[in-house]
Amino acid sequence: LKLSYSYVKGSVQHQLEVAVVKDRKLELEHFLRTNQPQHLVWWENLQNPESGAWLKSIPKIPKFQMSNKDFSSALRYRCFFPISGINEGIRCNCANKPVVDKLGHHLATGCAIGGTRAKTHDGVVLELRDILRYCGLQTKVEERGLFRITNPNSNNRPDITVTDPPGSVFKTLAIDVGVTSPLTGYNNPEFYRLYTGIAAKNMAADKKAKYARIGAQANELQFLPFILESTGFIHEDAIAYLHRLADIASDSRGIPSRVLYNYFVKRLSLRLQCGIANSINRRLEMVKSHNSAGMHDPSFASEVVLAL
């Protein structure tokens, strides 16, 4: 291997580093594909700048700050490391009473008890709403009566509606936010045909089919699925819309659209990871409390057990 300084490729040392990292990455991917395909799915979904945007945010303002406990859990979740405090064999108190995985995936996105999963979703919704308002757009959250043309009794409500969206022939843009895990559907044999963002793509397709079925277009609504995976991966439709928002805000605020796009992604990324970490930590407290309930039940006292 002959290397020399290049204005494009950089110094010899830099070129060697790039080559070594590339080889190590290929070795890791081969090992995971052979031995830990589930881990490979996770790894693949981290290979984009949006997934790690929250780690690049400088915590100078409250929007970019996390508690030490949440940061620790978010970092462990990202790295596929065991979450501190999840003991072997502990069971969740949701319907099927599953054993809680030590990586925290059930607590983060698999369990609806306690409303923590919904709070993660709602946090992303409110963050996106604030971004839209920053761009000068008029918004409402969970607006009612949008499907009255085809069904006056419909209770369907998108997460966010934007009035008079720029560049659209429709008067209203309906946005439905979704958060999913990249491991969703992992037990399906077809899932082994890996590609990045499969879970987000499937959820986006489901939401598009739903809004087509309930008559979004017939009710003069433009629809946008805004899907994120719990790794931080953002679906292509949402990426395109964030770029559009950055262009809109750039014209009015005189800030380069690239800077605004990165700022929007950091805000969404951090809000998502705060929600996931908080969901893990709060649900873990609830689960531990439920699992230890028997320790405080008088019927489990030693003298009672021995007497019987």
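A donor-acceptor pair is defined here as one N or O able to donate and one able to accept, closer than 3.5 Å; no such pair exists between the side chain of Thr180 and the backbone of Leu228. A distance-only check finds no donor-acceptor pair linking the side chain of Arg148 to the backbone of Asn219 [under 3.5 Å]. Looking at Asp70, its side chain never comes within 3.5 Å of a backbone N or O of Met66 through a donor-acceptor pair. In this structure, Ser250 contributes its side chain and Ile255 its backbone to a donor-acceptor pair below 3.5 Å. With hydrogens and angles ignored, the 3.5 Å screen pairs no side-chain donor or acceptor of Gln273 with any backbone N or O of Gly52. Not one N or O on the side chain of Arg91 forms a donor-acceptor pair closer than 3.5 Å with the backbone of Pro98. Looking only at distances, a side-chain donor or acceptor of Gln65 sits under 3.5 Å from a matching main-chain atom of Pro59. A distance-only check finds a donor-acceptor pair linking the side chain of Asp101 to the backbone of His106 [under 3.5 Å]. Side chain of Asn48 to backbone of Phe233: no donor-acceptor contact under 3.5 angstrom is found.
Looking at every heavy atom in both residues, Val125 comes nearest to Ile160 through O-CD1, 3.4 Å. The two residues Leu284 and Ser84 make their nearest non-hydrogen contact at CD2-O, 3.7 Å. Nearest heavy atoms, Cys94 versus Ile113: CB-CG1, 3.5 Å. Between Asn281 and Ser73, the closest heavy-atom pair is OD1-OG, 2.8 Å. Between Pro182 and Val41, the shortest heavy-atom contact is O-CG1, 3.5 Å. Residues Lys102 and Ile86 approach most closely at CE-O, 3.1 Å, considering heavy atoms.
Distance CE/Met203 to CG/Asp176: 9.0 Å, rounded to 0.5 Å. Arg76 contributes atom CZ, which lies 11.0 Å from atom CD1 of Ile280 (distance to the nearest 0.5 angstrom). Atoms CD1 and NZ, on Ile214 and Lys210 in that order, are 5.5 Å from each other to the nearest 0.5 Å. Atom-to-atom distance recorded for Glu142:CD and Thr161:OG1 is 10.5 Å, nearest 0.5 angstrom. The structure places NE2 of His243 at 4.0 Å from OH of Tyr261, a figure rounded to the nearest 0.5 Å. Interatomic distance, CG of Leu260 versus CD1 of Ile131, reported as 10.5 Å (0.5 Å rounding).
Atom CD1 of Ile61 has more than 12 heavy atoms from other residues, nucleotides or ligands within 6.0 Å. The environment of Asn96 atom CG is sparse: at most 12 non-hydrogen atoms of other residues, nucleotides or ligands sit within 6.0 angstrom. More than 12 heavy-atom neighbours from other residues, nucleotides or ligands sit within 6.0 angstrom of CG on Asn35. For Glu29, the CD atom sits in a packed shell: over 12 heavy atoms of surrounding residues, nucleotides or ligands are nearer than 6.0 Å. By the 6.0 Å contact criterion, NZ on Lys97 is enclosed, its count of non-hydrogen atoms from other residues, nucleotides or ligands being greater than 12.
Relative ring orientation between Trp42 and His105 is described as perpendicular, the plane-to-plane angle rising above 60° on a 0-90° scale split at 30° and 60°. Between Tyr134 and Phe264, the ring-plane angle classifies as perpendicular under the 30° and 60° cut-offs.
For Thr231 and Tyr77, the side-chain atoms include no donor-acceptor pair closer than 3.5 Å. With hydrogens and angles left out, the side-chain atoms of Ser168 and Gln222 include a donor and acceptor closer than 3.5 Å. If you check the side chains of Arg283 and Asn93, you find a donor sitting under 3.5 Å from an acceptor.
Hydrophobic clustering of Ile, Leu, Val, Met, Phe, Trp and Tyr side chains at less than 4.5 Å, counting indirect connections, unites Leu268 with Leu46. Under the 4.5 Å side-chain heavy-atom criterion for ILVMFWY residues, no single connected hydrophobic cluster contains both Tyr241 and Leu221.
Using a 4.5 Å cut-off on side-chain heavy atoms (C-beta onward), Lys171 and Pro165 make no contact. Considering only heavy atoms from C-beta on, Phe170 comes within 4.5 Å of Gln217 through its side chain. In this structure, the side chains of Leu245 and Cys135 come closer than 4.5 Å at one or more pairs of heavy atoms. Inter-residue side-chain proximity for Gln47 and Lys25 is flagged as met; some heavy-atom pair is nearer than 4.5 Å. Counting only heavy atoms from C-beta outward, the side chains of Arg157 and Leu146 never approach each other to under 4.5 Å. Side chains of Trp43 and Leu28 form a contact here, defined as non-hydrogen atoms less than 4.5 Å apart. In this structure the side chain of Tyr211 reaches within 4.5 angstrom of the side chain of Pro158, judged on heavy atoms. In this structure, the side chains of Lys208 and Pro225 come closer than 4.5 Å at one or more pairs of heavy atoms.
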Open item on the list: For a salt bridge (Lys or Arg N to Asp or Glu O under 4.0 Å) check, start with the C-alpha distance between Lys207 and Asp237, then their side-chain angles and the critical distance, and finish with the verdict.
Closed with: CA-CA 12 Å; Lys207 287 186 178 293; Asp237 289 351; over 6 Å; no
Task: Derivation of the side chain to side chain contact (heavy atoms under 4.5 Å, CB included) call for Ile175 and Thr139 - done: CA-CA 10 Å; Ile175 302 175; Thr139 67; over 6 Å; no
Open item on the list: side chain to side chain contact (heavy atoms under 4.5 Å, CB included) for Trp54 and Leu272? Distances and angles first, verdict last.
Closed with: CA-CA 9 Å; Trp54 64 284; Leu272 173 65; over 6 Å; no
- [ ] Could you check Phe64 against Arg267 for side chain to side chain contact (heavy atoms under 4.5 Å, CB included), going step by step and ending with a plain yes or no?
- [x] CA-CA 7 Å; Phe64 289 155; Arg267 287 186 61 155; 3.7 Å; yes
Open item on the list: Before you tell me yes or no, could you show the steps for Glu285 and Lys69 under salt bridge (Lys or Arg N to Asp or Glu O under 4.0 Å), namely the whole-Å CA-CA distance, both residues' side-chain angles and the distance that decides it to 0.1 Å?
Closed with: CA-CA 13 Å; Glu285 290 175 2; Lys69 186 175 183 179; 3.3 Å; yes
Open item on the list: Please determine whether side chain to side chain contact (heavy atoms under 4.5 Å, CB included) holds for the pair Val162 and Thr172, giving the CA-CA distance in whole Å, both sets of side-chain angles, and the decisive distance to 0.1 Å.
Closed with: CA-CA 6 Å; Val162 181; Thr172 304; over 6 Å; no
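For the salt bridge (Lys or Arg N to Asp or Glu O under 4.0 Å) with Glu127, the lone residue among Lys266, Lys63, Arg133 that qualifies is Lys63.
For the side-chain hydrogen bond (donor to acceptor under 3.5 Å, both in side chains) condition, the pairs that include at least one residue of residues 113-122, sequence neighbours left out, are Thr116-Ser279, His121-Asp159.
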